[in-house]
Amino acid sequence: MTSTEARPVVRIEHAEDEKVYSTAGRGQTFGEILAKRLSRRDGLKGVVAASAITLAGTGAGFAAAQDGTPAAGTPGAGGNGLSFEALANGVGAEAIVADGYQFRPILSWGDPLTPDAPEFDVMAQSAAAQAQQVGYNCDFVGFISLPMGSGASDHGLLVVNHEYSSGELMFPGYVTVGPPAEGEDEPTLTFNVTQDIVDIELEAHGLTVAEVIRGEDGQWSLVRDSEYNRRITATTEIELTGPAAGTELLRTAADPDGLTVLGTLNNCAGGVTPWGTVVSGEENFNQYFANAASLEPESIQALSAARYGLNEEASDRQWESFYDRFDLSVEPNEPFRFGWAVEVDPLDPTSTPKKRTALGRNKHEGHTSVAVDGAPVVIYSGDDQSFDYAYKFVTAGNYNAGDRAANMDLLDEGTLYVAVFSEDGTGEWLPMIQGQGELTEANGFATQADVLINTRLAADAMGATKMDRPEDFETNPVNGKVYLVCTNNSNRGVEDNYGIDAANPRAANEFGHVIEITEAGNDHTATTFEWALFITAGPNNDQTTDYAGFDKSLVSGFSSPDNITFDALGNIWISTDGNDVDEANDGLFAVPTEGEERGYAKRFFQVPDGAECTGPVFTPDNSTLFVAVQHPGEGGYFEEQLNTWPDNENGVAPRPSVVVITRTDDPLAPIVAV
Ligand code: FEO
Ligand code: CA
Ligand code: CA
């Protein structure tokens, strides 16, 4: 494919720059903190899981499908089922899976989703076509068995979100590359944005609901005439619900009631609820809004714009040139209508998605839930920015396993908590309730809506622990512990930035880490917890790297952990975004969480150049693993593509795709069985 040496370097960043805060460094070295952690580790052994929990996205019946345990001393010993041979590090235009497994795209950008939808033609795109085709940059993947609640692993709904569009890869002529400006090394880039392009991009965002079915040959396919198939885009009407809905800051000229917003943007990690809805997080919504410099100084709009990183001047995307709602000089409140958790009912194709304001407003990730029949539901989420926070939401009402309708608005009422991680390995969930502690009118929080709309400002005031980009946050169905993935934070402790602490123990943390949390009494509604570092990621030869104490020379080192899922044996599967270990693309790594192989990370799947690996999820019987390959070819542009995966030699542009991974010898057999 295209040589990276022969063309100008075009790096178009879609994630926001890391937000930098002033320092409050605590003066501890990594060695001191690691020593404390190791001395604490033994004290956490033997904690067992609550048995009565229901974990969204996992299914019953897997244990019965297990037969055979590998001999001790071989990979997969201890019954963790991970007997595959780890993939060597690699790069290239192809995706690669470990020996013994096969993969195939099932939903690619542009695939027609309905009987009437046109076939994809990258040279003849239109907004109307895109609105009926799979969106761009798939991220979260949820699998919901059909019939709902059946635990079926051969038939279901895939709910996929589409984080953002990559105009430079999607559209011919989008980028003009000019010579460097005087005194600069990088070429000058001009983005040629038109109304047609913006309209297509709006339809390429959002979510896709797609019915999929597995044939007797083990091959999955889209049910194109399904009544469930649906696109939700950046122009779909979405209802604002919960305590902030209808309040002043959510009102705009187009929506004077503050109850209906057009679309959802930048959806990243999400979760499936036990009642079969999807909660998807709006992440870097800030990038779509322009001209924050025009906001009235000291106004809440201006303070919030600064804290959430909205563009001071024009945006790279230039949507504000075509739609006033993205221009803060015209519509200062529109950004308050993004940055929420969005709940979608994929089982009702006519349902209106809902932005659940009770879960707060930030750069949302995670939203994996835990529910016990007759008890409150707990949803964990991260705010993915350097020095931002980890949250959980506990519903006021109780989950009703026998009455789906009774659960449909549970997420409108409850308590949002933010995490404090203490040096001694304990932690506390602080309730974010107006009138309590620092959340007073004098501090700018006159109502609960103020707390929820500016969740970051509220958490700042409360002194929550500033984390290294908390992303996915999910419960292990076997040991009941909760795993918080911190992707990286290269600004930690650098210059005058905030310094290291026990839960974020590396300065200039470019590799990321995974924290293991045990809620008090294994009760997910508890307000205290114990925690420990599970993995401090990075290359095997980096002295700060630690894989739960496992022999580092044996593991597949990785960095920038991002999304996670669990198989039915309790192994954690970690996908990466920005793997920076030797010559290795991003990928998916399987890691036992218990037993003698705890920490033995093995590379299972590799994504092509430019891509990140996202959205891993198993069917309930673990025979199929769905993975999203996001932004393949990022770093190129339309006329100089890095690759055109998955079509490659037949392709014109890369197509972000959800792939299906199964065993090769028996696609119906569990992936982790031996
Ligand atoms: Fe869209 Fe935090 O990754
Ligand atoms: Ca991500
Ligand atoms: Ca996940």
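Residue numbers start at 1 and run along the sequence shown. Whatever order the structure lists ligands and atoms in, that order sets their numbers, starting from 1.
Aromatic ring centres of Trp220 and Phe626 lie closer together than 6.0 Å. The ring of His364 has its center no closer than 6.0 angstrom to the ring center of Phe338. Here Phe529 and Phe421 bring their ring centres to under 6.0 angstrom of each other. Proximity of the aromatic rings of Phe605 and Tyr101 is defined here by a centroid distance below 6.0 angstrom, and this criterion is not met. Aromatic pair Tyr391/Tyr380: centroids not less than 6.0 angstrom apart.
Contact check on Lys354 versus Asp345 returns no salt bridge, with no Lys/Arg side-chain nitrogen under 4.0 Å from an Asp/Glu carboxylate oxygen.
Counting only protein N, O or S atoms, the number found under 3.0 Å from the Ca ion (ligand 2) is 2.
Relative to the ring axis of Phe84, Lys602 places its NZ or CZ within 45° and under 6.0 Å from the centre. Judged by the 6.0 Å and 45° rule, Arg356 forms no cation-pi pair with Phe393. Both the sub-6.0 Å distance and the 45° axial angle are not jointly satisfied by Arg361 relative to the ring of Phe336.
Atom 2 (Fe) of ligand 1 has Glu283 OE2, Glu365 OE2, Asp384 OD2, Glu471 OE1 as protein N, O or S atoms under 2.8 Å away.
Among the atoms of Gly615, no N, O or S atom is found under 3.0 Å from the Ca ion (ligand 3).
With Tyr483 as the fixed residue, the ring pair (Phe, Tyr, Trp, His ring centres under 6.0 Å) test singles out one of Trp531, Phe566, Phe473, Trp573: Phe566.
Residue-level check: among N/O/S atoms of Glu474, OE1 sits closest to the Ca ion (ligand 3).
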